[in-house]
Amino acid sequence: MTKNLVIVESPAKAKTIEGFLGKDFTVKSCFGHVMDLSKKDLGVDIGNGFVPKYIISPEKKKVVTELKKLAKDAEKIWLASDEDREGEAIAAHLVDALDLEEQRTHRIVFHEITKPAILEAIGNPRSIDQNLVMAQQARRVLDRLVGFELSPLLWKKIRPSLSAGRVQSVAVRLIVEREEEIRNFEVSSAFRVVGLFPVKSGKKSVMMAAELNRRFNTREEALDFLQRSGGARFTVEDTETKPTRKSPAPPFTTSTLQQEASRKLGFSVANTMRVAQELYESGKITYMRTDSVNLSGLALNMAKKEITGTFGEEYVKIRNYTTRTKGAQEAHEAIRPTYLSNRTIEGDRSHKRLYELIWKRTIASQMADAEMEKTTVTIGISGAEEKFIARGEVIRFDGFLKVYMESTDDTEGEEGEKALPPIRTGEQLSLGEMTAEQRFTQQPPRYTEATLVKKLEELGIGRPSTFAPTISTIQKRGYVVKEDREGTLRPYLVITLKEGRIAEETRTEKTGFEKSKLFPTDIGTLVNNFLLQHFENIMDYNFTAMVEEEFDEIAEGKLVWNKMIREFYDPFHDQITGTLEGTRKVSGEKVIGTDPKTGERVLVKIGRYGPMVQIGEGEGGEKPRFAALKKGQSIDTITLEEAMELFKLPRNLGQHDGGDVVVATGRFGPYVKHGSAFYSLAKTDDPLEISLERAVEIILLKEKEEKGKIIREFAEEPGLRVLNGKYGAYISFNKQNFRIPKGKKAEELTLEDCRKIVSENEPTKSAKGKRKK
DNA sequence: CAGTGAGCGAGCTTCCGCTTGACTT
């Protein structure tokens with residue numbers, strides 16, 4: 001029996017706090033929300049003031065039973081869920097689910113997990129803020145209404161199992177619209193002129209690079225300028241030196257951690273969160289789902305000590321950062337190492353790397369500004385208006401740069417500027433070399449997972465706990481794919497002036513190369529355009545910000561929650577019924593040309609199984625012909641020529657081992673068929689180009705791989721085999737799988753053993769079987 | 001796991017935000 005029961009959200013937090021509080025306190029975790037709207041139906045009684053139908057979440061029943069038992073015997077119950085809208089609702093749901101009486105129940109909050117903060121919280125309990133709870137309820141009900149009315153509309157009008165929601169649909173919109181911008185982008189080019197001037201620096205002679213303050217639009221203008229420069233004199237007209245400073249970035253939040261881990265370590269958003277979760281659970285870092293840039297007083301003291309000890313006192317500058325993120329709730333600290341004296345940790349490579357990133361960012365945030373000196377040299381050209389400008393930078397005091405430099409998203413950033421050689425106004429310079437290089441304007445960048453999170457956060461859409469799941473949802477639904485794209489080679493012109501002679505040369509560079517970027521799929525584009533056409537309000541980038549304002553008013557007691565919902569819902573529901581009755585099924589169908597052979601119309605659309613091309617429409621008794629689009633192709637951009645190519649499959653490549661080898665494209669992409677067996681092609685194989693030799697190679701490789709999987713097989717019973725799978729050995733019997741009992745060695749199983757296991761055990765459920773149930 | 005693209009109908013899918021394990025072939 002315990003005197004005091006404290007309930008927090010996270011089990012790792014519970015463990016830490018228990019250590020602060022002594023033997024009269026038992027600290028338990030409720031693992032987040034314990035109640036939610038029923039999932040069987042809408043879960044909201046629309047006709048009756050939107051009364052929510054809350055149930056104890058099925059996966060939380062066990063926790064609730066256990067907490068209820070502990071609460072029954074406790075003198076006091078302290079609800080210590082997070083201090084934000086969701087946390088307040090969790091506390092209210094706990095009161096409900098555990099049948100807590102008011103006089104025994106206290107609500108406490110703290111922003112940092114330190115002993116003084118906890119003790120202060122215990123000393124200042126309050127009651128549950130019902131206004132805040134109602135604000136959460138409004139948020140929850142709104143999301144349910146939007147999600148559970150829009151999604152079924154998509155099932156009817158586009159395809160089953162699709163989904164839409166306040167957050168995910170806007171995330172998809174960002175990606176679709178960025179792709180449109182890229183498609184409509186018109187590349188232009190201009191000539192950038194750089195002069196190299198030999199200058200004495202001590203005893204050595206170095207080349208000083210300076211860029212012309214004007215770019216030329218055409219080759220002729222650039223050529224003309226270089227010709228005129230052949231006999232020109234170059235004079236230093238001005239040198240200017242200015243001190244500048246650079247400040248460190250604030251400590252990590254969830255979103256900035258995801259961005260930097262992506263840029264610096266190449267981690268996906270999901271991977272970053274998995275590793276961070278493990279660091280948190282092992283006590284190495286503070287909580288990883290936060291929107292706060294605040295550090296506790298304890299952390300600041302540790303930082304001061306660590307920086308002083310390692311770099312010296314002049315490197316310390318304690319700073320208070322304030323968040324600028326829309327809708328931030330700041331229930332936690334920023335993400336930081338628990339102990340700043342640990343510069344590194346034991347563990348595998350990804351844990352070490354992420355930890356060190358967090359350490360550096362935290363430490364740097366409390367360090368002095370870097371102090372620089374920027375020098376600008378202006379060089380005049382006799383007989384020309386234009387000037388050459390050389391820029392240099394010297395670091396006078398490195399400050400935080402000793403530890404950490406934030407990276408930027410654009411890859412084509414300026415190279416780090418170096419110091420300029422000593423130079424005086426009035427000095428005459430000779431020209432070493434001058435080049436005019438054709439440069440192209442850059443299309444807008446595609447989103448990565450991390451830059452999409454950044455954009456969502458800027459718009460105030462989504463929360464630290466949902467960024468990673470949202471990114472994975474829009475990929476799982478097939479709205480968006482994360483892919484690499486091969487670049488193409490692009491020629492560009494370089495004109496050089498050296499020793500009075502002009503030379504022209506064409507070089508090539510790679511352009512359009514993409515790595516792990518988000519691309520919209522055809523279905524993603526179709527769903528987006530459909531929603532945009534009929535639900536512009538929900539798809540508005542400001543929709544979340546606008547409803548958040550109303551949630552705030554509810555939290556302040558200025559607005560009644562179900563009145564707000566009523567005002568949203570009535571027109572929204574009219575939109576739903578209007579669209580349901582007023583539109584037909586959409587498939588994105590459009591004609592892209594006519595078949596040069598038959599003159600039939602060729603059209604593209606999204607069919608039952610995805611994007612496809614169709615020749616003819618079944619008029620005049622002719623059956624239409626169909627072909628699925630290849631990966632990376634889109635009904636928006638495919639040309640007639642590319643579409644006709646797709647009808648060259650299936651191809652018969654020839655004979656192997658007494659059977660035809662046929663290549664075609666199926667449900668799961670391109671494959672080779674030999675006899676009754678199918679073999680998938682590798683990503684690098686093109687089904688239209690592949691040779692018989694390569695196809696046979698694929699067949700033999702797969703056969704070899706299959707053999708490697710077999711641990712045991714029995715001549716008497718061909719359907720029964722012991723196989724080696726991803727999760728270890730298992731028994732396969734007529735397409736059903738069985739676990740091998742503990743203590744038995746797979747290699748030593750006899751036919752009798754296997755038959756016994758099969759007859760006495762239930763087969764394991766496959767993911768498919770589960771879904772059917 | 002595989003080469004489809006008629007139409008019908010039963011039964012299913014779906015949201016956002018809090019939290020971690022259980023489980024997989």
Side-chain angles (χ1 to χ4, degrees), chain A residues 8-13 29-37 39 42-43 57 59-60 63 81-82 84-87 89-90 93 136 139-155 159-169 277 280-281 287 289 329 331 461-467 469-470 473 477 544 587 605-610 612-614 618 623-628 649-650 662-673 676-680 709 723-732 736-739 763-768 770-773:
Chain A
V8 296
E9 292 182 37
S10 146
K13 211 182 200 178
S29 142
C30 67
F31 297 84
H33 276 294
V34 294
M35 296 184 95
D36 192 15
L37 300 177
K39 261 186 92 165
L42 197 60
S57 306
E59 73 273 16
K60 298 291 168 56
V63 188
S81 45
D82 297 344
D84 58 18
R85 200 163 62 203
E86 298 298 325
I90 289 174
H93 292 160
Q136 191 276 345
R139 199 280 305 157
R140 181 69 192 91
V141 167
L142 179 107
D143 282 337
R144 170 57 67 90
L145 292 172
V146 170
F148 275 38
E149 294 213 358
L150 277 184
S151 301
L153 182 67
L154 297 181
W155 305 342
R159 153 194 317 179
S161 301
L162 294 174
S163 67
R166 174 177 58 82
V167 173
Q168 58 168 284
S169 296
Q277 173 91 29
Y280 167 66
E281 282 171 10
Y287 197 58
R289 287 185 278 265
Q329 309 205 2
I461 300 172
R463 304 276 313 129
S465 66
T466 60
F467 292 137
T470 300
T473 298
R477 297 272 174 276
T544 292
S587 66
K605 66 176 179 183
I606 296 185
R608 257 206 297 171
Y609 309 106
M612 60 182 249
V613 203
Q614 181 179 337
K623 248 193 141 184
R625 288 185 290 150
F626 305 98
L649 294 175
V662 179
V663 60
T665 298
R667 167 118 167 66
F668 305 102
Y671 65 92
V672 178
K673 190 182 179 195
S676 60
F678 296 90
Y679 307 88
S680 291
K709 270 173 59 182
L723 299 175
N724 198 5
K726 209 157 76 179
Y727 308 102
Y730 65 99
I731 296 169
S732 160
Q736 286 191 316
N737 299 322
F738 296 84
R739 249 186 288 268
T764 54
K765 281 177 223 153
S766 68
K768 218 194 271 168
K770 235 185 204 171
R771 224 180 309 145
K772 268 184 189 159
K773 254 187 165 179

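Residue numbering restarts at 1 for every chain, and letters A, B, ... go by the order of the sequence lines. Here the structure is a predicted model, which means the values were calculated and not measured. Every heavy atom of this structure was used, including side-chain atoms; hydrogens, water molecules and symmetry mates were not.
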Legend entry - Residue A:Ser465, side-chain heavy atoms: nucleotide from B:dC18, B:dT14, B:dG5 that is nearest: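 Of B:dC18, B:dT14, B:dG5, B:dC18 is nearest to the side chain of A:Ser465.
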
Inset, instruction - Identify which nucleotide among B:dC18, B:dA2, B:dC15 has an atom closest to any side-chain atom of A:Lys39, counting heavy atoms from C-beta outward. - result: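 The answer is B:dC15.
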
Using atom [atom1] of [X] as one end and atom [atom2] of [N] as the other, report the distance to the nearest whole Å.
| X | N | atom1 | atom2 | answer |
| --- | --- | --- | --- | --- |
| A:Gln136 | B:dC16 | CD | C1' | 10 Å |
| A:Arg166 | B:dC15 | CZ | P | 13 Å |
| A:Arg140 | B:dC18 | CZ | C1' | 11 Å |
| A:Leu37 | B:dC16 | CG | C1' | 10 Å |
| A:Arg625 | B:dG5 | CZ | C1' | 15 Å |
| A:Leu145 | B:dT14 | CG | P | 18 Å |
| A:Arg608 | B:dC8 | CZ | C1' | 11 Å |
| A:His33 | B:dC15 | NE2 | P | 17 Å |

Taking any heavy-atom pair under 4.0 Å as a contact, classify [X]: base, sugar-phosphate, or nothing.
| X | result |
| --- | --- |
| A:Val34 | nothing |
| A:Gly462 | sugar-phosphate |
| A:Gly32 | base |
| A:Leu162 | sugar-phosphate |
| A:Arg144 | base |
| A:Ser163 | sugar-phosphate |
| A:Gly610 | base |
| A:Gln168 | sugar-phosphate |
| A:Ala89 | nothing |
| A:Val167 | sugar-phosphate |

Is the shortest side-chain N/O distance from [X] to OP1 or OP2 of [N] below 4.0 Å?
| X | N | result |
| --- | --- | --- |
| A:Thr466 | B:dG17 | yes |
| A:Arg477 | B:dT14 | yes |
| A:Arg463 | B:dC18 | yes |

Inset, instruction - Kindly say whether A:Tyr671 contributes a backbone atom to a donor-acceptor pair with the side chain of A:Ser680 at under 3.5 angstrom? - result: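 Side chain of A:Ser680 to backbone of A:Tyr671, a donor-acceptor pair under 3.5 Å: no, none is there.
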
Inset, instruction - Please answer whether the main-chain N or O of A:Gly147 pairs with a side-chain N or O of A:Ser151 as donor and acceptor at a distance below 3.5 Å. - result: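 Yes, because the side chain of A:Ser151 sits within donor-acceptor range (under 3.5 Å) of the backbone of A:Gly147.
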
Legend entry - Sequence-distant partners of A:Tyr280, ring-ring contact (aromatic ring centres under 6.0 Å, His included), two or more places apart: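 By the ring-ring contact (aromatic ring centres under 6.0 Å, His included) rule, A:Tyr280 matches A:Tyr287.
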
What pairs with [X] under side chain to side chain donor-acceptor pair (under 3.5 Å), at least two apart in sequence or on another chain?
| X | result |
| --- | --- |
| A:Ser169 | none |
| A:Lys60 | none |
| A:Glu86 | A:His33, A:Gln136, A:Arg139 |
| A:Glu149 | A:Tyr569, A:His573 |

Inset, instruction - Going by the side-chain contact (heavy atoms from CB on, under 4.5 Å) test, name the single residue among A:Val141, A:Leu145, A:Leu37 that passes it with A:Leu42. - result: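 Of A:Val141, A:Leu145, A:Leu37, side-chain contact (heavy atoms from CB on, under 4.5 Å) with A:Leu42 is met by A:Leu145 alone.
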
Legend entry - Pi stacking test for A:Phe148 and B:dT14: under 5.5 Å apart, planes under 30°: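 A:Phe148 ring centre within cut-off of B:dT14 base, planes near parallel; stacks.
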
Inset, instruction - Would you kindly check whether a donor in the side chain of A:Arg139 faces an acceptor in the base of B:dC16, or vice versa, at under 3.5 angstrom? - result: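 Between B:dC16 and A:Arg139, which were checked side chain against base, a qualifying N/O pair under 3.5 Å is present.
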
Legend entry - With A:Arg85 via salt bridge (charged side-chain N to carboxylate O under 4.0 Å, His left out) - residues at least two apart: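 Salt bridge (charged side-chain N to carboxylate O under 4.0 Å, His left out) list for A:Arg85, sorted by chain: A:Glu548.
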
Inset, instruction - Please identify each residue that fulfils salt bridge (charged side-chain N to carboxylate O under 4.0 Å, His left out) with A:Arg144, with sequence neighbours left out. - result: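 For A:Arg144 there are no salt bridge (charged side-chain N to carboxylate O under 4.0 Å, His left out) partners, ignoring immediate neighbours.
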
Inset, instruction - Name the residue closer to the 5' end of DNA chain B, choosing between A:Thr470 and A:Ser161 according to the nucleotide with the nearest heavy atom. - result: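 Its nucleotide being nearer the 5' end, the pick is A:Ser161.
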
Inset, instruction - Would you write the dot-bracket representation of DNA chain B, where each base gets (, ), [, ], | or . depending on whether it forms a Watson-Crick or G-U pair under 3.5 Å and with which partner? - result: .........................

Inset, instruction - Could you tell me whether A:Arg289 and A:Asp82 have a side-chain N and a carboxylate O separated by less than 4.0 Å? - result: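 Looking at A:Arg289 and A:Asp82, the cut-off is not met.
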
Protein-nucleotides 20-22 of chain B N/O pairs closer than 3.5 Å?
from   : atom 1 : to       : atom 2 : distance (Å)
B:dT20 : OP1    : A:Ser10  : OG     : 2.5
B:dT20 : OP2    : A:Gln277 : NE2    : 3.2
B:dT20 : OP2    : A:Arg289 : NH2    : 2.8

